[in-house]
2 protein chains.
Amino acid sequence: MNIGEIAKRAGVSRSTVSYALSGKRTVSEATRRRILRVIDEAGYRPNASARALAEGRTRTIALVIPPAGRRLTPIQLGFVASVVAAAGLHELDVLLSPSGGEHDRSFERIISGRRVDGVILMEVRLQDARAARLRESGLPFVAIGHTADAGTGCWVDLDYEGLIGNCVHHLADLGHRAIALINRPQEFLDSGYGPARRALDGFTAAAAARSLTATAICCPDDAMAGEACVENLLAAHPAITGIVTANEAALPGMERSLRRLGRAVPGQISITGVVGRHWAEEFHPPLTAADVPISDMADRAVGLLVERISSPAGPERHILLTPPISLRSSTAPPVQRAECDPALPSQGSHAECLTS
Amino acid sequence: MNIGEIAKRAGVSRSTVSYALSGKRTVSEATRRRILRVIDEAGYRPNASARALAEGRTRTIALVIPPAGRRLTPIQLGFVASVVAAAGLHELDVLLSPSGGEHDRSFERIISGRRVDGVILMEVRLQDARAARLRESGLPFVAIGHTADAGTGCWVDLDYEGLIGNCVHHLADLGHRAIALINRPQEFLDSGYGPARRALDGFTAAAAARSLTATAICCPDDAMAGEACVENLLAAHPAITGIVTANEAALPGMERSLRRLGRAVPGQISITGVVGRHWAEEFHPPLTAADVPISDMADRAVGLLVERISSPAGPERHILLTPPISLRSSTAPPVQRAECDPALPSQGSHAECLTS
DNA sequence: TTGTAAGCGTTATCAC
DNA sequence: GTGATAACGCTTACAA
């Protein structure tokens, strides 16, 4: 069933059918109705490929995600779902492209085959080959995260530097003097992953400004690693009373080790950081943290992209978000360590620690 | 840059360029080389829309996922990533369609606009409107999960009934007499979600076969709910020594409540079930469970779909997988409850429970 | 071994 | 207000 068949049945030309559907030319109410009835009866829908060829646009965008091998974090998953939802509001479909390395089949296929009108890039690195490739191709794109060259291109990002800095100040304000940062994995830092780098910078600068004793460590993106990290950290630096984390995937493990060590939160150890809201709420006790505004970021990214597609010559907009710290229950003023020695976790009940 | 321009520069006709690229007709080595060089210099790639229009196929498949509102579980996320990866191996791109309800814009747009060559349907219900719609459209599709009418359509699914049954038998073999099932949310059961239904059936049947005291409860898909469920369950049925779970998202909460209640795993409570491998490994202690073979299922689903696309008249294949239970450390023979009374969780150290 | 030309199903530009 | 008709860029008989 194609537009020609509809035209024949309705006794009009193909162009009239097309215009009756698009409204780009006035069609008499009578013929319009007739056409619509025929279309309805036949269950006709325009062929997307033909339309794309004729219009020169596909009504589709690509979402470039990290490759399947590297497990996606829940935050990333959230982005995928939110971007798809936001795109749907603009009648845009979403093509998924798992692309990490340089040699990428799917990415290249999508870009150079003109399969999409624009691209949303996730997990952008400070130096990003995909961003460079896209710039060269002239295809509109917006990044979630930004490259070292913040001035060019469209992007929406979180102000990790400021956010982590705020966390440090929050702990300092409560009276903590020795704090630690649990950052994303070491290889992220090494490979120039912006959030990891900026988290470290923000942590170091704020800690220096407040004259705090600061320890920054990297931690793989999973619970087991989080468990080990916290354990090692507290063994090596027993004076630490505050932790700020940029690693949400490590959170369940952190909770586990703290409990095993008999360190009450926030009684003996305060924890804060920047993580997805869901993780903050599932932490025990609920985590005082800067919540990553996932769907907000996705909406803005799609909005920026839609704007860019419709006017490619327009200004390149950047959106840097600094969500506030949501006060929940995981931070408090530090307490004297002597009250409950973590070196002896199994000595009788921990009641006095838990309630201190 | 289009095929005509390449033809002109190489001094041949457009068809020769096309054939040089597709190999569907022999082209002399000399002209072939010349064409390829020109293509390379110009950075030419065939336009996907034009090709789709001419060939009548889009080289794209759709992956229908639950809508954004309902948070995707990590297993579902795993499917998305794995399907995309598997599709890539077949040079297929993946269009994401978040579709749950009946009236779905994106789903309809993709199906009736012929945007894809085939569809993979996730989270199929026993009665599924999308499956019905697809059957009516004639578009090849394979479901992950199967409808009540198991005989028709292509699908790959887990044998939840058998799997949960195996878990029950495993506990019975160890000597457990009173067990419980932590199932997916109540509304899933009510709305005819196959895995929830079949899990319940398998549990009930196997428990009856072994003359066990069995309690089945539903639990929302999150940690906090898991915490409450286990707490209520053990309060209401103190005799329970074994739990089988079909709900991986509740696992972290279950772990938490068990620890708080002072019930050692597997010392006092054995836990098993069917969950994603990652969750089983992150549980504490590592969970003895039937691991959901996510990427295997995704590979098979894509394989089935590719086969169906190339020969739509072929047989409708079904794949029912029954992965084995991976023995880890969360099950053991039951122990006399009197040794460690859970009603008094804070009475001194729990050492004797933990090591029992 | 290669070229010509007829589609594929739309949209959009001209006429009337 | 409506109908021809030419793109859009590619694939693929059909000829040569």
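Protein chains get the first letters and strands the later ones, always in sequence-line order, with residue 1 at the start of each.
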### Task
Assign A/G113 to base, sugar-phosphate, or nothing according to its heavy-atom contacts below 4.0 angstrom with the strands shown.
nothing

### Summary
Contacts of B/V12 and B/A54 projected onto DNA chain C by closest heavy atom; the upstream (5') one is B/V12

### Query
With a 4.0 Å cut-off, would you call B/R59 and B/E91 a salt bridge?
no

### Task
Give a yes/no answer on whether the side chain of B/N2 brings an N or O atom under 4.0 Å of OP1 or OP2 in D/dG9.
yes

### Task
Could you check how far CG of A/L53 sits from P of D/dC10, rounded to whole Å?
9 Å

### Task
Considering only NZ, NE, NH1 and NH2 on the basic side and carboxylate oxygens on the acidic side, decide whether A/E41 and A/R9 come within less than 4.0 Å.
no

### Query
Looking only at atom types and distance, does a side-chain atom of B/R130 sit under 3.5 Å from a main-chain N or O of B/S99, one as donor and one as acceptor?
yes

### Task
Could you label the plane-to-plane angle of the B/H146 and B/W155 rings as parallel, tilted or perpendicular, counting under 30° as parallel and over 60° as perpendicular?
parallel

### First of A/S15 and A/A50 reached from the 5' end of DNA chain D, by closest nucleotide
A/S15

### Query
Where along residues 22-32 of chain A does a heavy atom come under 4.0 Å from DNA chain C, residue by residue in number order?
A/K24, A/R25

## Note on the structure
note: A/K8, atom NZ; D/dA4, atom C1'; distance rounded to Å ~ 16 Å

### Message
Does this structure show an ion pair linking B/R133 with B/E108, if we count only N-O contacts that are shorter than 4.0 Å?
### Response
yes

### Bounds of contact between DNA chain C and chain B, in 5' to 3' order, using a heavy-atom cut-off under 4.0 Å
C/dT1 to C/dG9

### Message
For the backbone of B/T58 and the side chain of B/D117, can you confirm whether one donor and one acceptor N or O come within less than 3.5 Å of each other?
### Response
yes

### Task
Indicate whether OP1 or OP2 belonging to D/dG3 is found under 4.0 Å from a side-chain N or O atom of A/T16.
yes

### Message
What is the distance, to the nearest angstrom, from the CZ atom on A/R51 to the C1' atom on D/dA7?
### Response
17 Å

### Message
Measure OH/A/Y19 against C1'/D/dG3 and give the value in whole Å, please.
### Response
11 Å

### Summary
Here the distance between atom P of D/dA13 and atom CD of B/E55, to the nearest Å, is 12 Å

### Message
Using only atom types and a distance under 3.5 Å, with no angle test, would you say the side chain of A/R51 pairs donor to acceptor with the backbone of A/P46?
### Response
no

### Task
Determine the sole option in A/V84, A/L63, A/V83 for which the side chain to side chain contact (heavy atoms under 4.5 Å, CB included) test with B/L96 is passed.
A/V84

### Query
Starting at CE of B/M1 and ending at C1' of D/dC10, how long is that distance when rounded to a whole Å?
15 Å

### Message
Given 3.5 Å as the limit, does a donor-acceptor pair link the side chain of B/S137 with the main chain of B/L139, or not?
### Response
yes

### Query
Rounding to a whole Å, what distance do you find between B/R14:CZ and D/dT11:C1'?
10 Å

